[in-house]
Amino acid sequence: MNLLYDNRTLLLAGLGTTLQIAVVTLIASIVIGVTLGVIIGMTEGHWVRRPIRGAVELLRAVPLIVNVYFVFFVAPQLGIALSPYMAAVVSLSLWGGANATEIVRGGLQAVPRHQRRSARALGLQEWEVFLLILLPQAMRSVLPALAGLMTLLIQSTATASLVGVPEFLQISRLIVERTTVMDGIDPSFGVYGFVLLIYFVLCSPLTALSRALERRLARQAGRPVAEDAAQQAAALPALS
Amino acid sequence: MEFDPHYLFTYLPALMRGLLVTIEVSAVALVLALGLGLAGAAIRYLAVPVLSPLVAVYVEFIRNTPLLVQIFFVYFGFPAVGIRMSLFWSGVFTLAVWAAAFHVESIRGACAGVSKGLSEAGAALGLHRWQVLRAVVLPMALRACVPSLLNTSISLVKNSAFLQAVGLAELTFVAVDRISADFRMLEMFSVLLVIYVLLVFLLSYAAARIESVLARPFRA
């Protein structure tokens, strides 16, 4: 694996870009998700819900890669000059935001209805009901799913390579291609195997965190853990 | 950017051929994934020595790495060490192995949710452990995890679009190829949008039907 060592500066720069995209999109996704999720959760029967839910459903139904290409190709047509990096960040944030919206909405919905009614009956203001009663309870069930979304966002940054962002996967592709042309040997197996390994090292602690949060939540709620594991397994692939 | 129906009609046959490839690759992978997932879950449930920890590692590895990199690893990496598959079959292989990892977790979770008393009763009747699994645990567990299996299957169909990256001429490839040639994106992206939304909608509808049919014996 001399090849990897020789290219360490390039690979580290690529990894840096990957992590940068992941952090920026994660923050944007959470901001979008909390804002829209709260709007949907708080405006029962209002017309604002429809366009928001429509956009969320659309973003989740279309493959992520189509999403990335859409922003990359269409933004310049609308007169918005986006670099490949920005196009990737915008499309991944929209996609992550749509998924985060679903998570927050689900968390708010999971709070038993009598909580809101009781709080109102006790004379709390609407904002107090939301901030002191609903949000803390929703957050507990939302945290494991958000940790899961974080690993998905790190994984989905690889999609940015398709529009030419020099992130980890794209750099590895360049190294593979250069070595194939210059040295006449194909290092794909080793290099892409290494890339898989690094993503694994990045993502598995977050997945473990998500599971630990889930288990703690299940214990507090007095529900059997096995059932939740199945539900969580159901929730995660739906996001991808 | 004007919407030009003529342009769309010219390339509609090519797009439909792409859609067919998308459907073919997903359908084969979908069936393979269910088989693999079932086998993996059985190995985990029966705690088969050596194999069971291997399956656990496989599941963790697939779930914590990007599908796109897995596709590159299989399509470019495997031939480098002498394993050759056509583009279509390496796509099927990657998608199936990816989805099966999620299936293993769903089925295993559902098996763990089946009440211990039932499997103990099976054992008391003299059934082998694998007979208990086949005749008692699986029929109940599979019903419980149908929603997650279908969810993963829908994701698989959407994720088949990633095969565009290695040049499989599926729907997204055909459309993006046209866009980079003619820069007529309005037509192509509308087609992609409509077809994928329709596909996901149809699959979700089918999923809801399957769930309601399976729930029938339990309705009062």
Side-chain angles (χ1 to χ4, degrees), chain A residues 57-58 60-66 69-70 73-74 77-78 151-152 154-159 161-162 168-169 172-173 176 185-193 195-208 224-240, chain B residues 1 60-61 63-70 72-81 99 102-103 105-113 141 144-145 147-149 151-152 154-162 164-165 172 175-176 179-180 183 185-186 188-189 192-193 196-197 199-201 204:
Chain A
E57 287 303 314
L58 205 64
R60 282 162 50 91
V62 171
L64 175 61
I65 168 174
V66 174
Y69 279 128
F70 182 79
F73 281 117
V74 171
Q77 294 277 313
L78 302 176
T151 69
L152 267 179
I154 293 179
Q155 292 182 25
S156 58
T157 56
T159 318
S161 70
L162 297 177
F168 196 42
L169 177 60
S172 323
R173 270 167 88 171
V176 166
I185 45 161
D186 184 357
S188 307
F189 193 82
V191 172
Y192 291 133
V195 174
L196 281 176
L197 209 64
I198 295 295
Y199 275 109
F200 179 74
V201 169
L202 286 177
C203 292
S204 51
L206 288 170
T207 307
V225 176
E227 203 177 302
D228 276 273
Q231 276 165 10
Q232 196 196 1
L236 284 181
L239 294 177
S240 47
Chain B
M1 239 189 333
E60 280 307 298
F61 198 79
R63 292 178 60 134
N64 285 306
T65 49
L67 176 60
L68 188 59
V69 185
Q70 292 164 18
F72 275 51
F73 184 66
V74 170
Y75 183 63
F76 295 116
F78 276 23
V81 292
F102 290 90
H103 287 338
E105 276 307 278
S106 313
I107 300 173
R108 202 176 68 96
C111 285
C145 66
S148 33
L149 296 184
N151 250 338
T152 307
I154 293 174
S155 291
L156 184 154
V157 176
K158 273 192 297 174
N159 283 343
S160 71
F162 277 121
Q164 183 264 356
T172 306
V176 172
I179 291 168
S180 3
F183 281 90
M185 28 212 96
L186 196 57
M188 288 300 149
F189 278 119
L192 283 185
L193 200 89
Y196 278 114
V197 167
L199 262 182
V200 170
F201 180 79
S204 310

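Owing to the predicted nature of the structure, the values given are computational and were not obtained by experimental measurement. All values below were derived from every heavy atom in this structure, side-chain atoms included, with hydrogens, water molecules and symmetry-related copies excluded.
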Which portion of [X] sits near chain A, non-hydrogen atoms under 4.5 angstrom:
X	value
B:Val81	side chain
B:Tyr75	neither
B:Ile154	neither

Exercise for review: Identify which of B:Phe201, B:Phe78, B:Phe76 forms the greatest number of heavy-atom pairs closer than 4.5 Å to chain A.
Suggested key: B:Phe76
Check your understanding: So, do A:Thr159 and B:Phe162 sit near enough that their side-chain heavy atoms are less than 4.5 Å apart?
Key -> yes
Point to revise | Main-chain N/O of A:Leu64 paired with B:Lys158 side-chain donor or acceptor, under 3.5 Å | key: no
Check your understanding: Counting heavy-atom pairs under 4.5 Å to chain B, which of A:Cys203, A:Ser204, A:Pro63 comes out on top?
Key -> A:Pro63
Review point. So which of A:Ser188, A:Ser172, A:Ser161, A:Gly193 has the largest heavy-atom pair count under 4.5 angstrom toward chain B?
Key: A:Ser188
Least distance between heavy atoms, [X] atom then [Y] atom:
X	Y	value
A:Leu162	B:Gln164	CD1-OE1, 4.5 Å
A:Gln77	B:Met185	CG-SD, 3.6 Å
B:Arg63	A:Gln155	O-NE2, 2.8 Å
B:Leu68	A:Ala158	CD2-O, 3.4 Å

Check your understanding: Roughly how far apart are A:Ile154 CD1 and B:Thr65 OG1, rounded to 0.5 Å?
Key -> 12.5 Å
Check your understanding: Out of curiosity, B:Leu192 CG to A:Tyr69 OH, how far, rounded to the nearest 0.5 Å?
Key -> 11.0 Å
Practice item. Assert yes or no for the condition that the ring centre distance of B:Phe73 to A:Phe189 is strictly below 6.0 Å. Key: yes
Practice item. Please work out whether the ring planes of A:Tyr192 and B:Phe72 are parallel, tilted or perpendicular, with thresholds of 30° and 60°. Key: perpendicular
Exercise for review: For the residue pair B:Phe189 and A:Phe73, categorise the inter-ring angle as parallel (less than 30°), tilted (30 to 60°) or perpendicular (more than 60°).
Suggested key: tilted
Practice item. With a 4.5 angstrom heavy-atom cut-off, could you sort out which part of A:Leu169 is near chain B: side chain, backbone, both or neither? Key: side chain
Check your understanding: Is it the side chain or the backbone of A:Leu197 that comes within 4.5 Å of chain B heavy atoms, both, or neither?
Key -> both
